[in-house]
Engineer: 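Below you will find the structure I want to go over with you.
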Amino acid sequence: MDDTVESERESPMVGTPRTAADDRDRGIGRDDRADPATEAFLAHRNLLFTVAYEMLGSAADAEDILQETWLRWSGVDLGTVRDHRAYLVRITTRQALGRLRTLGRRRESYVGSWLPEPLLTAPDVAEDVALADSVSMAMLLVLETLAPTERAVFVLREVFDVGYDEIAEAVDKSPAAVRQIAHRARAHVAARRPRRVVSAAETRDALDAFQSAVETGDLQSLLDILAPDVVLLGDGGGVKQAVLRPIVGGDKVARLLAGGWGRVADISSLRPAQVNGYPALILRLDGELDTVLAVRIDDGLITGLYAVRNPQKLSYMERETVLSR
């Protein structure tokens with residue numbers, strides 16, 4: 001079946017982050033307002049967004065992919081489609097693969113470190129441990145080290161449990177080739193991901209200790225919660241000041257954080273928030289959102305600090321984004 005047909009029909013379900021309540025407010029999804037194509041798309045919208053986001057690490061680009069998916073889906077003869085979910089995931093994957101290759105070239109010229117776009121996530125994301133782990137900042141950075149097709153195969157197989165035959169159709173490979181790619185990607189990720197899945201409670205405890213140490217300026221307390229080989233990455237996108245290269249080592253990171261907080265403490269606030277399925281910290285300056293600080297934790301210590309300051313990446317922190325598998 002050809003999933004490249006486009007339609008001029010307007011999509012009612014793309015743009016800013018939305019919730020089920022938003023759809024109800026617009027009358028979307030009611031029997032008297034939504035046609036079968038729209039109903040099918042809305043039924044799987046959060047899943048499709050999650051697939052695209054995990055492949056791209058960008059919520060804005062994931063929304064663009066949903067628009068492209070809708071344009072193709074709205075022109076499909078639904079009578080020829082046996083599995084709406086599989087068909088929509090296939091369209092989304094193909095569009096995301098094309099976008100991922102383009103983004104790879106853009107990121108080569110990105111100013112400083114590139115970090116995924118953080119999402120303010122609903123509490124139920126944390127309850128699905130596998131989903132929370134798959135969208136965590138630490139995991140998204142691991143996925144960035146995969147080739148585009150490897151990333152697509154890993155995400156579809158390991159996160160969404162898509163069958164090898166369906167993945168093969170989505171990435172234009174044979175099922176046998178997909179199995180080999182999946183094996184290779186799985187080994188690659190296993191060697192780089194956190195040593196074990198960390199619970200939200202463990203993350204919260206580490207963040208509480210970290211926040212207290214930063215706010216009190218207690219250098220020793222910072223050193224106690226930071227791993228000796230901790231890495232700090234900052235993403236200002238050339239718009240906001242941020243470290244341009246990774247800062248490595250507990251002593252360097254601790255002194256940088258303590259010194260930086262001392263300069264802005266009078267106008268700053270640090271508050272916890274649920275970001276990408278896990279607790280994180282939000283820094284506000286004069287009441288304005290300035291930085292999202294996510295962490296990676298191994299064996300009870302913070303081994304990665306990810307500070308996103310690029311204003312273009314913070315728009316999805318204004319309201320919760322619903323993710324699903």
Side-chain angles (χ1 to χ4, degrees), residues 1-7 37 40-41 43-58 61-108 116 128 130-131 133-136 139-193 323-325:
M1 288 176 284
D2 182 7
D3 59 19
T4 61
V5 178
E6 296 196 5
S7 168
F41 188 94
H44 299 293
R45 184 191 187 282
N46 294 335
L47 162 71
L48 301 177
F49 176 87
T50 308
V51 169
Y53 176 71
E54 292 204 23
M55 286 186 61
L56 301 171
S58 164
D61 285 300
E63 288 288 356
D64 287 346
I65 294 303
L66 286 194
Q67 178 71 64
E68 294 167 9
T69 298
W70 166 253
L71 289 172
R72 286 154 177 78
W73 174 248
S74 63
V76 170
D77 178 1
L78 297 190
T80 66
V81 179
R82 292 188 300 273
D83 186 333
H84 291 175
R85 179 185 187 272
Y87 199 101
L88 282 163
V89 167
R90 189 172 78 200
I91 299 174
T92 299
T93 301
R94 288 180 176 177
Q95 302 309 310
L97 270 173
R99 180 66 61 92
L100 187 58
R101 294 183 177 106
T102 301
L103 290 177
R105 292 190 291 271
R106 290 183 197 166
R107 289 171 190 172
E108 292 176 359
D128 185 338
L131 177 60
D133 178 57
S134 71
V135 297
S136 68
M139 176 55 77
L140 290 176
L141 282 173
V142 172
L143 294 181
E144 282 292 311
T145 65
L146 293 172
T149 301
E150 288 179 331
R151 184 168 184 168
V153 170
F154 181 88
V155 167
L156 293 179
R157 182 62 186 168
E158 300 300 314
V159 182
F160 299 97
D161 198 29
V162 177
Y164 288 113
D165 289 345
E166 292 180 21
I167 297 174
E169 289 192 44
V171 301
D172 292 324
K173 301 285 185 181
S174 70
V178 166
R179 288 179 182 274
Q180 292 180 343
I181 294 170
H183 177 75
R184 186 168 64 246
R186 197 178 301 119
H188 182 98
V189 170
R192 291 163 177 79
R193 72 189 308 168
L323 304 174
S324 70
R325 287 199 294 157

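Each residue takes its place number in the sequence, starting with 1.
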Engineer: Assign the ring pair His84 / Trp73 to parallel, tilted or perpendicular, where the plane angle (0 to 90°) is split at 30° and 60°.
Structural biologist: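 Perpendicular.
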Engineer: Going by side-chain contact (heavy atoms from CB on, under 4.5 Å), name the residues that satisfy it together with Val189, two or more places apart in sequence or in a different chain.
Structural biologist: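 side-chain contact (heavy atoms from CB on, under 4.5 Å) check on Val189 returns Met139, Val142, Leu143, Leu146, Phe154, Arg193.
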Engineer: Considering non-hydrogen atoms only, spot the tightest contact between Ala182 and Tyr164 and give its length.
Structural biologist: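 Taking every non-hydrogen atom into account, CB-CE2, 4.0 Å.
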Engineer: Rounded at 0.5 Å granularity, tell me how far NZ in Lys173 sits from CD1 in Ile167.
Structural biologist: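 Reported value, rounded in 0.5 Å steps: 13.5 Å.
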Engineer: Can you find a pair of side-chain heavy atoms, one from Arg72 and one from Glu68, that are under 4.5 Å apart?
Structural biologist: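 Heavy-atom side-chain distance check passes, below 4.5 Å.
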Engineer: At their closest point, which heavy atom of Thr50 faces which heavy atom of Ser324, and how far apart are they?
Structural biologist: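 Closest approach of Thr50 to Ser324, heavy atoms only: OG1-N, 3.1 Å.
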Engineer: For the residue pair Arg325 and Asp161, establish whether any side-chain heavy-atom pair is separated by less than 4.5 Å.
Structural biologist: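 Not touching, per the 4.5 Å side-chain cut-off.
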Engineer: Using the rule given for salt bridge (charged side-chain N to carboxylate O under 4.0 Å, His left out), can you reason through Glu108 versus Arg101, listing the C-alpha separation, both sets of side-chain angles and the distance that settles it, and then say yes or no?
Structural biologist: CA-CA 11 Å; Glu108 292 176 359; Arg101 294 183 177 106; over 6 Å; no
Engineer: Work out which heavy atom in Thr93 is nearest to a heavy atom in Ala152; give both atom names and the distance.
Structural biologist: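 Minimum heavy-atom contact is CG2-CB, 4.2 Å.
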Engineer: Using a 3.5 Å distance criterion without hydrogens, assess whether the side chain of Arg151 forms a donor-acceptor pair with backbone atoms of Glu54.
Structural biologist: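 Yes, Arg151 side chain to Glu54 backbone: donor-acceptor pair under 3.5 Å.
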Engineer: Could you measure the distance from the CG atom of Leu47 to the CZ atom of Arg85? Nearest 0.5 Å is fine.
Structural biologist: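 Taking CG in Leu47 and CZ in Arg85, the distance rounds to 5.0 Å.
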Engineer: Work out which heavy atom in Leu141 is nearest to a heavy atom in Pro116; give both atom names and the distance.
Structural biologist: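 What the structure gives for the nearest pair is CD2-CD, 3.7 Å.
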Engineer: With a 4.5 Å limit on heavy-atom distance, are the side chains of Asn46 and Leu323 in contact?
Structural biologist: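 Contact flag for Asn46/Leu323 side chains = no.
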Engineer: Would a 4.5 Å heavy-atom cut-off, applied to side chains only, mark Arg107 and Glu144 as touching?
Structural biologist: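 Yes, at least one pair of side-chain atoms sits under 4.5 Å.
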Engineer: When rounded to the nearest 0.5 angstrom, what distance separates CG in Asp64 from CZ in Arg99?
Structural biologist: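 Answer rounded to 0.5 Å: 4.5 Å.
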Engineer: Which atom names give the shortest non-hydrogen contact between Pro175 and Asp165, and what distance separates them?
Structural biologist: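 For Pro175 and Asp165, the tightest heavy-atom pair comes out as CG-OD1, 3.3 Å.
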Engineer: Supply the atom-to-atom distance Phe160 CZ to Leu131 CG, rounded to the nearest 0.5 angstrom.
Structural biologist: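 That separation rounds to 7.0 Å.
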Engineer: What distance separates Ile91 CD1 from Leu66 CG, expressed to the nearest 0.5 Å?
Structural biologist: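 Separation between the atoms: 11.5 Å.
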Engineer: Looking only at non-hydrogen atoms, find the nearest pair between Ala62 and Leu56 and report the distance.
Structural biologist: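 Result for this residue pair: N-CD1, 4.1 Å.
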Engineer: Mind checking salt bridge (charged side-chain N to carboxylate O under 4.0 Å, His left out) for Glu166 and listing every partner two or more places apart, or none if nothing turns up?
Structural biologist: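 With neighbours one apart ignored, the set is empty.
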Engineer: Quick one: OH on Tyr87 to CG on Leu78, what's the gap to the nearest 0.5 Å?
Structural biologist: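 So the gap between those two atoms works out to 9.5 Å.
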Engineer: How far apart are the C-alpha atoms of Thr92 and Met55, what are their side-chain angles, what is the distance that settles it, and do they pass the side chain to side chain contact (heavy atoms under 4.5 Å, CB included) test?
Structural biologist: CA-CA 10 Å; Thr92 299; Met55 286 186 61; over 6 Å; no
